[in-house]
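Read the numbers this way: they start at 1 and go in the same order the structure lists the ligands and their atoms.
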Amino acid sequence: MKSDMKIVIIGAGVAGLSIGWRLRQAGAEVTILERAQPASGATWASAGMIALAAELETSPPVEVDFARQSNALWPGFAREIEEESGQAVGYERSGALLLSDDAVAMAGRAAADTDLTFLTAEEVRARWPMLSGEYSGGLWARHEAHVDNRALGRALAIAFLKAGGVLKPAEAAVNLEYRGRRITGVLTPFTRYHGNAVLLAAGAWSGQVVQLPVTPIKGEMIALTPPPDAEFDFGGPVVWGQGVYLVPRGGRLLVGATVEKAGFDTSLSDGAVRHLRQKAEAVISGLARWRLDEHWAGLRPGTPDGLPLLGPSHEQGLFIASGQYRNGILFAPAIAQLMADMIRGRAEPIDAFDPRRFPGAKP
Ligand code: GLY
């Protein structure tokens with residue numbers, strides 16, 4: 001398919017891949033440049049949660065609305081990726097349980113939000129007897145979900161390639177190419193790529209390509225496996241305790257996550273393992289006997305106001321899809337739709353997410 005719309009995308013994480021896939025479906029020629037391997041950054045390191053109640057409790061309505069739209073798009077998005085790629089992505093609308101000691105606050109939130117149900121400690125114990133009972137109840141968020149983020153990354157890359165997209169792993173953007181004041185392409189160590197538009201979707205690394213207020217926020221996570229004699233039937237919900245979340249996946253329990261400003265450092269610390277284990281043990285009885293199966297770290301793309309950067313930049317021809325912070329997986333289908341439409345001139349940016357709300361580089 002020959003097209004007069006040529007797009008170069010920097011970054012093959014969940015955002016770059018899904019926007020690229022949508023643009024390719026709309027007939028654009030799309031090349032994605034990835035400094036490392038596809039979906040090997042925050043997409044790989046995350047827990048794949050599609051979490052609204054816990055992640056967006058203090059967010060402005062515009063972000064909550066965007067999250068709700070994206071959550072509604074998720075089942076169809078997952079199905080389409082699976083059909084196109086031939087790979088399962090493990091999407092599960094499992095619900096989420098938010099444990100807390102503040103029964104009054106929980107009851108208040110449930111009264112204000114029909115998506116949430118307040119459960120007393122007894123109701124929580126009756127449904128999930130393995131929970132330790134150290135909390136005075138929980139909020140049940142039945143519309144929440146999780147996806148196997150590592151399978152998702154692989155499947156998205158396959159879907160993009162099958163749709164005719166071009167993917168260049170291990171090829172970093174080292175500079176942008178200008179004609180006058182307009183960006184017309186990207187330079188890599190090997191060659192140059194021309195495009196009618198360039199999209200920067202490089203996660204925590206976005207601020208290394210152009211001046212952008214994106215800060216890496218490190219998160220360490222662990223995965224635990226049960227001892228052979230343990231009975232572990234969680235029924236699948238994501239469980240949030242005090243400063244910790246637990247995600248059952250493939251016979252393991254993912255436990256996350258630390259939150260730390262440490263530049264681009266992704267080293268692993270024993271202290272993080274102790275911290276996460278201690279927090280998890282306060283949620284599920286008997287976890288002390290579980291074996292540490294994996295320990296990893298990733299970098300979230302943070303912004304000064306905690307809101308994403310989605311839309312045109314101060315530079316002509318350059319679009320941004322970054323700053324998703326803790327919500328890259330949740331937002332993926334809505335970002336793919338919005339950004340593909342925007343780059344094709346069919347949608348306007350959402351003011352609160354417009355990257356131009358921050359000043360650009362000094363000329
Ligand atoms: N959304 C989970 C995290 O960022 O740790």
Side-chain angles (χ1 to χ4, degrees), residues 13-15 18 39-59 63-64 66-68 70-71 74 89-99 139 141 143-150 152-153 203-206 214-224 237-249 252-262 264-266 268-269 271-273 275-280 283 294-309 322-335:
V14 65
S18 46
S40 62
T43 301
W44 177 87
S46 81
M49 284 182 300
I50 298 164
L52 294 94
E55 292 289 15
L56 301 167
E57 188 179 354
T58 56
S59 295
E63 193 180 27
V64 175
F66 191 68
R68 287 206 163 121
S70 204
N71 189 32
W74 250 108
V89 301
Y91 173 80
E92 266 184 64
R93 191 157 263 201
S94 58
L97 178 68
L98 284 64
L99 298 168
L139 277 177
H143 297 303
E144 302 208 355
H146 60 101
V147 63
D148 181 339
N149 46 297
R150 296 180 183 179
L152 171 73
W205 289 266
S206 301
V214 175
T215 310
I217 311 286
K218 180 180 177 182
E220 289 186 56
M221 286 196 65
I222 57 173
L224 302 174
V238 172
V239 180
W240 294 76
Q242 182 67 44
V244 72
Y245 52 80
L246 300 112
V247 184
R249 167 116 6 103
R252 308 196 301 173
L253 194 63
L254 313 186
V255 181
T258 62
V259 181
E260 190 190 349
K261 273 193 185 172
F264 289 92
D265 170 28
T266 51
L268 304 177
S269 69
V273 176
H275 168 82
L276 292 169
R277 269 192 171 279
Q278 187 191 4
K279 294 271 179 195
V283 176
E294 193 183 342
H295 177 197
W296 68 96
L299 301 173
R300 311 171 179 93
T303 60
D305 59 7
L307 297 176
L309 303 168
S322 186
Q324 298 92 330
Y325 187 38
R326 299 175 64 102
N327 303 308
I329 302 286
L330 164 63
F331 288 161
I335 287 181

* Asked: Should R252 and E294 count as side-chain neighbours, where that means a heavy-atom distance under 4.5 Å?
  ->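 They are in side-chain contact.
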- Item | Minimum-distance protein heavy atom relative to atom 1 (N) of ligand 1 |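 For atom 1 (N) of ligand 1, the nearest protein heavy atom is E55 OE2, 2.7 Å.
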- [ ] Starting from atom 4 (O) of ligand 1, locate the nearest protein heavy atom and write down its residue, its atom name and how far away it is, to 0.1 Å.
- [x]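 Here the nearest protein heavy atom works out to R300 NE, 2.7 Å.
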I'd like to know if the side chain of S70 reaches the main chain of L330, judged simply by a donor and an acceptor atom lying under 3.5 Å from each other, with no hydrogens or angles considered.
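Indeed, once roles are kept as given, a pair shorter than 3.5 Å links the two residues.
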_Nearest 0.5 angstrom please: E57 CD to W240 CH2, how far?_
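One gets 11.0 Å once the value is rounded to the nearest 0.5 Å.
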Q.
Looking at every heavy atom in both S46 and I329, which two are closest together, and how far apart are they?
A.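 Here S46 and I329 meet closest at OG-CG1, 3.6 Å.
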Show the atoms of ligand 1 that are less than 4.0 angstrom away from any heavy atom in A257.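 Close to A257: 5 (O).
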task = Report the part of Y245 (side chain from C-beta onward, or backbone N, CA, C, O) that has a heavy atom under 4.0 Å from ligand 1; answer both or neither where that applies.
result =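 Side chain only.
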